[in-house]
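Inspection log for the structure reproduced underneath, given as structure tokens.
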Number of protein chains: 2
Amino acid sequence: MDPTRKRRFKQQLFDQFARLGKALANNHRLELIELLAQGERSVESLAREADLSVANASQHLQVLHAAGLVEQRREGVFAYYSLTPGAFPLWQALRDLARQRLAEVERLVESTLEREGEPVGLEELARRLEHGDAVLLDVRPLREFEAGHIPGAIPAPVAELEALLPSLPRGVEVIAYCRGPYCTFADEAVELLRARGFNARRLELGLPDWRAAGYPVRQGVGA
Amino acid sequence: MDPTRKRRFKQQLFDQFARLGKALANNHRLELIELLAQGERSVESLAREADLSVANASQHLQVLHAAGLVEQRREGVFAYYSLTPGAFPLWQALRDLARQRLAEVERLVESTLEREGEPVGLEELARRLEHGDAVLLDVRPLREFEAGHIPGAIPAPVAELEALLPSLPRGVEVIAYCRGPYCTFADEAVELLRARGFNARRLELGLPDWRAAGYPVRQGVGA
DNA sequence: TCCATATTCAATAAATTTATTGAGTGCTTG
DNA sequence: CAAGCACTCAATAAATTTATTGAATATGGA
């Protein structure tokens with residue numbers, strides 16, 4: 001094969017790969033991906049949670065769209081964005097390699113969050129659910145619970161968790177999960193639960209990880 | 001948790017993730033990763049193959065190093081770089097998602113390479129090797145064969161393949177593999193082999209993919 | 001029809017990334 | 001110890017990315 005032609009091919013090919021890489025090269029876009037991994041959301045809602053102006057969020061979403069990482073659905077005046085199939089595993093790989101290779105990640109987590117004890121792994125949770133010897137709380141905002149949750153989980157947004165405590169059984173361990181390994185909802189929930197005398201731990205990972213591992217996910221309202 | 005504190009945590013956390021993302025945001029760096037996936041190499045050698053100046057290659061390697069994707073070993077006057085554990089799966093995920101979501105990738109491959117027939121998958125290759133009903137050629141440069149190859153493969157750099165043809169058996173299918181799904185060495189080998197009357201196909205993926213799938217890899221010289 | 005709202009677009013300035021250039025460092029060899 | 005080599009460093013200009021701003025578009029309801 002003609003070397004010039006071969007070089008041009010590689011150049012163009014890796015330009016394409018870099019298109020995708022460039023989409024991952026910004027903290028705000030990665031945060032949007034993490035939010036979208038929980039289910040589709042409107043621009044304004046994403047902007048508010050990621051602390052961006054609406055115009056800026058819209059631009060970042062367009063970059064993600066051009067890279068094939070998100071898709072858009074329009075409903076009336078709203079634009080709902082969601083992750084494309086396959087986008088989550090890439091984000092997961094990046095997130096996990098960052099934890100493994102960049103010591104600063106671990107340092108940040110340890111210095112900011114006061115996590116105590118070992119978290120529950122996906123496999124262990126699956127076993128516990130089968131045995132029925134644990135109560136599972138989904139402590140994400142209700143909208144995300146409705147978009148997809150672990151079967152058997154109780155919707156319990158952290159803000160409303162307090163009101164829910166009296167209805168929880170005291171004999172078994174309470175397990176709380178949220179968006180992912182760096183989401184603090186579950187940590188806050190565990191802190192509150194322990195303060196009230198519950199035996200509580202957080203799930204190590206989040207709902208998207210549960211789904212990606214091949215475990216079942218249920219949609220809709222109610223526990 | 002104090003919302004300001006929480007936001008700062010997320011900001012810093014996603015800044016770290018973006019550190020890694022930014023390292024993937026450049027075509028030349030991705031090409032360096034692909035080359036390093038075949039085994040360690042010196043700066044000068046990488047620069048030559050990726051068509052970069054030595055200084056520029058060195059800078060890109062430092063960016064990859066800062067992101068934890070590569071590590072360095074010094075030997076005399078040479079600096080040998082290699083991928084860190086876990087770096088390849090991330091590159092693999094990005095590469096595969098790009099193929100899946102960016103139509104331009106497929107278009108480029110089809111318009112540039114004249115691939116005919118279906119390639120051999122990893123599983124099929126493993127089966128064929130067990131049965132012994134195929135000849136396997138590693139058509140990468142010898143240095144890469146020595147750094148790691150599929151057990152039973154014959155070293156056969158494309159440039160020297162012609163001289164090797166007479167010694168190949170004619171009854172069985174010949175399978176050629178190289179660096180990865182977009183590496184053209186195997187395509188060139190298959191083209192030559194078919195022109196000479198051999199029954200030949202390429203492996204769909206490359207050696208790093210074989211290794212990452214958990215199959216054994218052998219180091220050193222000789223078949 | 002008019003208005004409010006959600007989103008996108010376009011223009012701009014600031015910040016960051018990139019390739020190039022030439023000098024600097026350190027090791028090995030004659 | 002001088003020279004050659006592999007690599008890194010530092011400075012620079014060009015290119016790209018980013019956030020902000022205000023205007024434009026489009027939809028649904030008053």
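Just so we're clear, the structure is a prediction, and the values are computed from it rather than from any experiment. Just so we're on the same page: letters track the sequence lines, and every chain starts at 1. Worth knowing before you read on, the calculation uses all heavy atoms, side chains too, and leaves out hydrogens, waters and symmetry mates.
Considering only residues two or more places apart in sequence or on other chains, A:E71 meets the salt bridge (charged side-chain N to carboxylate O under 4.0 Å, His left out) condition with none of them. In this structure A:T112 satisfies the side-chain hydrogen bond (donor to acceptor under 3.5 Å, both in side chains) test with no other residue, sequence neighbours excluded. Contacts of B:R99 classified as side-chain hydrogen bond (donor to acceptor under 3.5 Å, both in side chains), with partners at least two apart in sequence or in another chain: B:E106, B:Y182. Annotation: side-chain hydrogen bond (donor to acceptor under 3.5 Å, both in side chains) contacts of B:E40 (sequence neighbours excluded): B:R73. Applying the salt bridge (charged side-chain N to carboxylate O under 4.0 Å, His left out) test to A:E160 and every residue at least two apart in sequence or in another chain returns nothing. A:S58 pairs by the side-chain hydrogen bond (donor to acceptor under 3.5 Å, both in side chains) definition with A:Q62, not counting sequence neighbours. Taking A:R48 as the reference, A:E44 meet the salt bridge (charged side-chain N to carboxylate O under 4.0 Å, His left out) condition, with sequence neighbours excluded. Not counting sequence neighbours, B:R143 has no partner by the salt bridge (charged side-chain N to carboxylate O under 4.0 Å, His left out) test.
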Under 3.5 Å between N/O atoms: give me all the protein pairs with nucleotides 11-19 of chain C, atom names plus distance.
{"from": "C:dT18", "atom 1": "OP1", "to": "B:N26", "atom 2": "ND2", "distance (Å)": "3.3"}
{"from": "C:dT18", "atom 1": "OP1", "to": "B:R29", "atom 2": "NH2", "distance (Å)": "3.4"}
{"from": "C:dT18", "atom 1": "OP2", "to": "B:R29", "atom 2": "NH1", "distance (Å)": "3.1"}
{"from": "C:dT18", "atom 1": "OP2", "to": "B:R29", "atom 2": "NH2", "distance (Å)": "3.4"}
{"from": "C:dA19", "atom 1": "OP1", "to": "B:H28", "atom 2": "NE2", "distance (Å)": "3.3"}
{"from": "C:dA19", "atom 1": "OP2", "to": "B:N56", "atom 2": "OD1", "distance (Å)": "3.3"}
{"from": "C:dA19", "atom 1": "OP2", "to": "B:H60", "atom 2": "NE2", "distance (Å)": "2.6"}

Output a table of nitrogen or oxygen pairs between the protein and nucleotides 4-7 of chain D separated by less than 3.5 Å.
{"from": "D:dC7", "atom 1": "OP1", "to": "B:V43", "atom 2": "N", "distance (Å)": "3.2"}
{"from": "D:dC7", "atom 1": "OP1", "to": "B:A79", "atom 2": "N", "distance (Å)": "3.2"}
{"from": "D:dC7", "atom 1": "OP1", "to": "B:A79", "atom 2": "O", "distance (Å)": "3.4"}
{"from": "D:dC7", "atom 1": "OP2", "to": "B:E44", "atom 2": "N", "distance (Å)": "2.7"}

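The heavy-atom pair separating A:E49 from B:R7 by the smallest distance is O-NH2, 3.5 Å.
Residue pairs satisfying the side-chain hydrogen bond (donor to acceptor under 3.5 Å, both in side chains) criterion with at least one member in residues 202-213 of chain A, sequence neighbours excluded, are listed as follows: A:Q92-A:D209, A:R95-A:D209, A:D187-A:R202.
A rotation axis mapping the C1' atoms of four pairs onto the next four is fitted at both ends of the helix from C:dT1-D:dA30 to C:dG30-D:dC1 over five pairs, and the angle between these axes is 20° to 10 degrees.
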